[in-house]
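Report on one structure; see the data block that follows.
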Amino acid sequence: MGRAAASTTEELIERAEHSCLKNYRPLPVVIDHGKGARLYGKDGKEYIDFVGGIAVSCLGYDHQPLIQAVQEQAAKVMHTSNIFWNEPAVTLAEKLTTNSFADRVFFANSGAEANEAMLKLARKYFHDRGEGRFEIIAMDRSFHGRTMATVTCTGQEKYRVGFEPLLPGVRHVPFGDLAALESAITERTAAVLLEPIQGEGGLRMPAPGYLAEVRQLCSKHGVLMLLDEVQSGVGRTGTLFAYEQEGFEPDAMSLAKGIGGGMPLAAMLTKEDIGACLTYGSHGSTYGGNPVACAAGNVVIDTVKEPAFLQRVQQAGARVLAGFDALAKKHRRVAREARGRGLWCGLELTVDGSNLAKEAIQRGLVLNCIGGRVIRAAPPLVITDEEIDKALEIIDGLLTDLARA
Ligand SMILES: Cc1ncc(COP(=O)(O)O)c(C=O)c1O
């Protein structure tokens with residue numbers, strides 16, 4: 001028997017101090033359970049969740065069909081590996097292909113792994129064609145994950161330092177700069193990897209038309225366009241996938257976060273002719289297509305793809321954005337600009353907001369400030385207007401105090 005379960009928040013944190021690696025710095029709260037878009041600490045305190053487990057918990061914390069699907073599948077079989085088919089995975093693959101540009105799906109467990117699969121796809125595709133294309137062009141200030149390949153593609157120094165030598169054959173260009181992209185493409189370029197909106201980069205949105213132009217450049221030069229929709233996908237921007245709003249289709253796309261509604265699930269989607277290069281034995285994952293995670297994914301896609309659900313995301317997102325805009329105008333000394341799409345909004349600060357999450361949690365709000373500069377709203381997609389208004393009121397108070405400091 002291990003140690004007895006901690007009876008208080010303080011004891012549990014104390015235990016964590018002795019057993020867990022120090023690579024995270026969690027808030028001093030132990031979450032016990034959730035309901036809708038609210039979380040409850042072990043001490044009984046209630047929090048409005050404006051972070052959604054970092055854009056993950058799209059259906060909130062007590063979505064009964066989601067819970068039931070997970071429970072029922074867990075009671076049947078939790079894991080099969082890929083030496084068998086399982087029905088939830090096949091059904092989910094069909095739903096993803098029916099509702100996207102793609103013909104083929106590879107399941108993984110995290111965003112980094114889905115991206116890793118996308119990068120391997122690009123290299124293998126050109127390898128099999130006998131073309132010497134292997135280089136990846138990624139974007140400055142991007143974020144693609146923490147594996148060696150994805151951290152190499154991530155265009156932020158702070159995530160890469162100490163892990164050199166990085167993967168060869170990756171270069172970066174400024175996000176939004178078409179001329180820089182075109183001049184970086186050579187006969188060795190296999191793919192361009194980018195996010196439709198840079199989430200971890202600070203909710204950075206490209207100019208209208210940029211993504212479609214990247215698509216055109218990729219087609220013109222015979223290069224694959226790899227779209228990282230790990231954070232933007234599955235309803236977050238008000239459509240099932242963000243690319244739908246831009247009038248283009250990528251060659252491959254990664255999904256994670258929202259797709260499992262809280263279960264670890266990810267997917268890499270691509271076209272028939274491109275996916276064909278990942279032949280038997282060329283790539284895989286023990287847990288990929290896990291039946292419990294895919295059972296959750298089926299409920300998520302069935303729910304989120306409904307027009308009424310997506311319309312509500314757009315309405316709720318417009319409310320957050322209008323609120324952020326009003327806060328930017330009211331608190332000019334500390335806030336600069338509001339931006340976003342769907343329930344994915346940012347409020348850029350002019351001062352350091354690194355302490356905001358700690359301040360916010362004391363006032364009953366789970367809040368995130370990217371790089372200490374951009375307050376990000378990525379709440380469960382089921383958040384109510386009342387919860388949004390309450391969250392905005394708390395942020396208003398936080399900014400008032402920040403301006404005074
Ligand atoms: C755009 C994007 N890609 C990839 C990842 C990595 O996902 P994961 O942490 O599930 O590996 C993230 C995580 O924040 C992300 O925002």
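Sequential numbering from 1 along the given sequence is applied to the chain's residues. This structure is a prediction, so every number in the text was calculated from the model and none was measured. Remember, it's 1-based here, ligands and their atoms both numbered in the order they're listed.
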With heavy atoms only and a cut-off of under 4.0 Å, state how [X] meets ligand 1: side chain, backbone, both or neither.
| X | value |
| --- | --- |
| N115 | side chain |
| H144 | backbone |
| E200 | side chain |

*Just say parallel, tilted or perpendicular for the rings of Y287 and H79, cut-offs at 30° and 60°.*
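Rings of Y287 and H79: perpendicular, as their planes differ by over 60°.
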*SB check D385 R312 (cutoff 4.0 Å)*: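 Yes.
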Tell me: protein heavy atom nearest [atom], and distance?
| atom | value |
| --- | --- |
| atom 13 (C) of ligand 1 | K257 CE, 3.3 Å |
| atom 16 (O) of ligand 1 | Q231 NE2, 2.7 Å |
| atom 7 (O) of ligand 1 | G111 CA, 3.3 Å |

_Is it the case that over 12 heavy atoms from other parts of the model lie below 6.0 angstrom from the CD1 atom of I54?_
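No, because the 6.0 Å sphere around CD1 of I54 holds 12 heavy atoms or fewer from other groups.
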*State whether the number of non-hydrogen atoms from other residues, nucleotides or ligands found under 6.0 Å of E386 atom CD is greater than 12.*
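No, because the 6.0 Å sphere around CD of E386 holds 12 heavy atoms or fewer from other groups.
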_Polar contacts were defined as any N/O atom of the residue lying under 3.5 Å from an N/O atom of the ligand; does this apply to A112 and ligand 1?_
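N/O-N/O distance under 3.5 Å: yes.
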*Less than 3.5 Å between some nitrogen or oxygen of D228 and one of ligand 1, yes or no?*
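Between D228 and ligand 1 (N or O atoms, distance only) the closest approach is under 3.5 Å.
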*May I ask whether atom 9 (O) of ligand 1 is less than 4.0 Å from at least one protein heavy atom?*
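No; the ligand atom in question lacks any protein heavy-atom contact below 4.0 Å.
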*Between Y210 and F175, ring centroids under 6.0 Å*: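 Judged by ring-centre distance (under 6.0 Å), Y210 and F175 do meet the cut-off.
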*asked:* Counting the benzene-type ring for Trp, do F126 and F134 have ring centres under 6.0 Å apart?
replied: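 No, the ring centres sit 6.0 Å or more apart.
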